Each structure stands twice: as structure tokens, then as C-alpha cells.
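Take a look at the structure below.
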Amino acid sequence: MPGTDDSAHVPSSSQRISEWVAQQLLDRIARGELVPGERLPGERQLAEQLHVSRVSVRAALQKLKTQGFLTAVQGGGTRVVSSAGVMDGALTTMVRSTHQNLCDLVEIRMALEGWAARRAAERATQEQIDTIGRILQAMGETNRDGGRAADDMDFHVAVAQASGSPVYLHLLSTIRDILGNMVEMKHTEPFMENHEALMIEHHRAIHQAIARRDPDAAANAVTAHLGWILARYRTMTEEPTTPAPLQADAPPSPGTPTA
């Protein structure tokens with residue numbers, strides 16, 4: 001967290017310093033400066049940032065661990081906790097149990113990620129927009145076939161960070177592992193069938209809409225992208241006698257909303 005300095009906020013005489021430190025860390029989590037899964041700086045660095053003793057930092061970290069906000073990292077250190085550890089296993093099992101549950105999750109993603117893209121278009125910093133652009137560029141590199149799924153996931157996380165909503169970041173962390181599995185699936189055959197270029201265009205439409213500060217276009221681009229993914233899921237599992245809701249060979253344009 002470069003540049004973070006809470007030294008101007010001095011704890012009151014009636015407040016224990018460790019409680020003040022704990023509140024500063026909670027404030028950083030609430031502002032999205034510390035995101036779910038992120039590793040905190042070491043005790044010494046935190047003590048220097050906050051101008052307090054390492055003893056006070058250690059007591060604050062222990063308090064936040066007890067309250068469930070932080071957890072110890074194997075090998076040393078501390079990271080921010082999300083509800084993912086509790087929910088993800090059960091949610092993964094639920095989604096895998098039926099195809100309809102998987103489609104439901106995609107539709108929920110359309111609502112959540114459309115909202116996040118809209119917010120990103122309104123609130124993203126230029127640095128955040130540039131980060132999304134760099135990830136998009138990496139996705140398009142022909143020598144990164146094995147890393148496209150990771151870049152795809154990074155793209156959606158970067159949009160989430162650009163939305164400026166710690167609440168949304170925590171929601172995303174809850175489904176992050178299963179979202180990662182979905183992203184990996186859509187970068188494998190027979191799911192893609194040479195549609196990688198189209199996928200990149202979908203993501204480019206999202207980035208361009210955010211970059212030009214167009215909330216409606218950003219939300220529509222997400223809807224178009226995930227609408228195409230939903231159509232592919234449905235088409236790949238339907239019985240031959242059942243018509244597909246959407247034709248996979250005629251995907252919506254990246255900026256067009258889908259039903």
C-alpha cells in the first residue's frame with residue numbers, strides 16, 4: 001500500500017493504541033485499499049506507517065484475526081479474509097450439480113459484473129483503466145495460449161477494482177475460485193472452437209467503454225459478452241430436438257445487450 005499514511009490521525013488518550021491500529025486497518029479494508037485475499041505488510045512496516053510500536057500492531061492484528069477479518073498465512077504473515085473460504089466449496093458443488101445452476105450463475109454474473117463495469121466507467125482512475133488495457137493486450141498475444149485464462153480472470157478482477165466498491169470485491173472473492181474454473185473452461189476446446197479473437201473483442205469493448213466513460217456501453221458490453229457465454233453453455237448441452245435459445249454461430253455484437 002504505497003503512500004498510505006495514517007500518521008495525521010492520532011488516537012485519543014482514552015483509546016488504546018492497539019484498538020486505534022485495528023480501526024485503521026478496518027478502514028483500509030472498507031475503502032478497498034486492502035482487498036480479500038491480499039497479504040498485509042509486515043508488522044514492522046505497519047508500525048512505521050502508523051507510527052506506533054510493533055507490540056500495538058501485533059495486538060491489533062490478533063484482535064482482527066479473532067473477529068474474523070484477518071487470517072494467518074502459512075509461513076508467516078497475515079491476509080484479509082473473505083467469505084470465500086466458507087462458501088466456495090459448497091457453491092462449487094451446487095453449481096456443478098446441475099447445468100441449470102451453472103446457467104443461473106452466469107446470469108447472476110451478468111447483473112453483478114454489468115453493475116461493476118458501469119461503476120468503473122464512472123469512477124475508475126486513469127491508472128486503473130491503463131491496467132485493464134495492459135491485461136487486454138496480454139490476452140491478445142499469440143504466444144500466451146496457456147496464460148489467456150489467467151489474463152481473462154485478471155481482466156474481470158481489474159474491472160472490479162476499478163469499480164471502487166469494497167463490497168463488490170468481497171462478493172467477487174466469494175465466487176472467485178468457481179469463476180476461475182468457468183474462465184478456464186471457456187478457453188478450452190470444444191468450448192471456444194477458434195472463437196478466441198471474438199472473446200478478445202468482447203473484452204476490448206468493455207475496456208473501450210470504460211475508457212471513454214460510457215456507463216451504459218460498459219454494462220451492455222458485459223451483458224453481450226456473458227450472454228454469448230451463456231448461449232454457448234446452453235448450446236453445448238442441449239438435446240438435438242431442443243432449439244438453442246441463442247445461436248452460437250451468430251453471437252451478439254460486443255456492445256449489444258442480450259435478452
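Remember, it's a predicted structure, so these values are computed and weren't measured experimentally.
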With rounding to the nearest 0.5 Å, note down the distance linking CG in Leu136 to CD1 in Ile206.
9.5 Å
For a quick test of reading the model, state the closest non-hydrogen atom pair linking Gly140 to Ile200 and the distance between them.
CA-CD1, 3.6 Å
For the side chain to side chain contact (heavy atoms under 4.5 Å, CB included) test, which of Val222, Leu105, Thr223 pairs with Met110?
Thr223
For Val52 and Val57, which heavy atoms make the closest approach, and how far apart are they?
CG2-CG2, 3.8 Å
With sequence neighbours excluded, what pairs up with Asp154 under the salt bridge (Lys or Arg N to Asp or Glu O under 4.0 Å) test?
none
Taking side chain to side chain donor-acceptor pair (under 3.5 Å) as the cut-off, I'd like each qualifying pair that reaches into residues 52-61, sequence neighbours left out, listed once.
Glu43-Arg58, Ser53-Ser56
Does the side chain of Met139 reach to within under 4.5 Å of the side chain of His203, using non-hydrogen atoms?
yes
What are the two closest non-hydrogen atoms of Ala116 and Ser163, and how far apart are they?
O-CB, 3.6 Å
To the nearest 0.5 Å, tell me how far Gln23 CD sits from Glu19 CD.
10.0 Å
Listed by chain and number, what are the side chain to side chain donor-acceptor pair (under 3.5 Å) partners of Gln100, not counting sequence neighbours?
Asp104
Contact check, side chains of Gln128 and Ile132, non-hydrogen atoms, under 4.5 Å
no
Name all residues meeting the side chain to side chain donor-acceptor pair (under 3.5 Å) criterion together with Arg213; count only those two or more places apart in sequence or in a different chain, and write none if there are none.
none
Quick one: list whatever passes salt bridge (Lys or Arg N to Asp or Glu O under 4.0 Å) with Glu122, sequence neighbours left out.
none
Only counting residues at least two apart or in another chain, list the ones meeting side chain to side chain contact (heavy atoms under 4.5 Å, CB included) with Ala218.
Ala117, Ala121, Ala209, Ile210
Side chain proximity check, Asp130 to Glu127, heavy atoms < 4.5 angstrom:
no
Hey, could you give me the CG/CD distance between Leu198 and Glu196, rounded to the nearest 0.5 Å?
10.0 Å
Apply side chain to side chain donor-acceptor pair (under 3.5 Å) to Ser18 and list each qualifying residue two or more places apart in sequence or on a separate chain.
none
Qualifying residues under salt bridge (Lys or Arg N to Asp or Glu O under 4.0 Å), relative to Arg212, sequence neighbours excluded
Asp214
Could you go through residues 60-75 and list every donor-acceptor pair under 3.5 Å that involves a side-chain atom there, pairing it with any protein atom two or more places apart or in another chain?
unit_1, atom_1, unit_2, atom_2, d
Thr66, OG1, Gln62, O, 3.0

Is there a donor in the side chain of Arg134 and an acceptor in the side chain of Thr131, or the other way round, less than 3.5 Å apart?
yes
Taken to the nearest 0.5 Å, the spacing of Gln45 CD from Leu40 CG works out to 9.5 Å
Under a 4.5 Å cut-off applied to non-hydrogen side-chain atoms, are Arg204 and His207 in contact?
no
Contact list for residues 112-121, test side chain to side chain donor-acceptor pair (under 3.5 Å), sequence neighbours left out:
Arg109-Glu113, Glu113-His156, Arg118-Asp216
Checking side-chain contact (heavy atoms from CB on, under 4.5 Å) for the pair Leu46/Leu25: CA distance, chi angles, key distance, verdict?
CA-CA 10 Å; Leu46 284 172; Leu25 295 176; 4.0 Å; yes
CD1 on Ile229 to CG on Leu102, rounded to 0.5 Å:
10.5 Å
Nearest heavy-atom contact between Asp151 and Ile135 is O-CG2, 3.2 Å
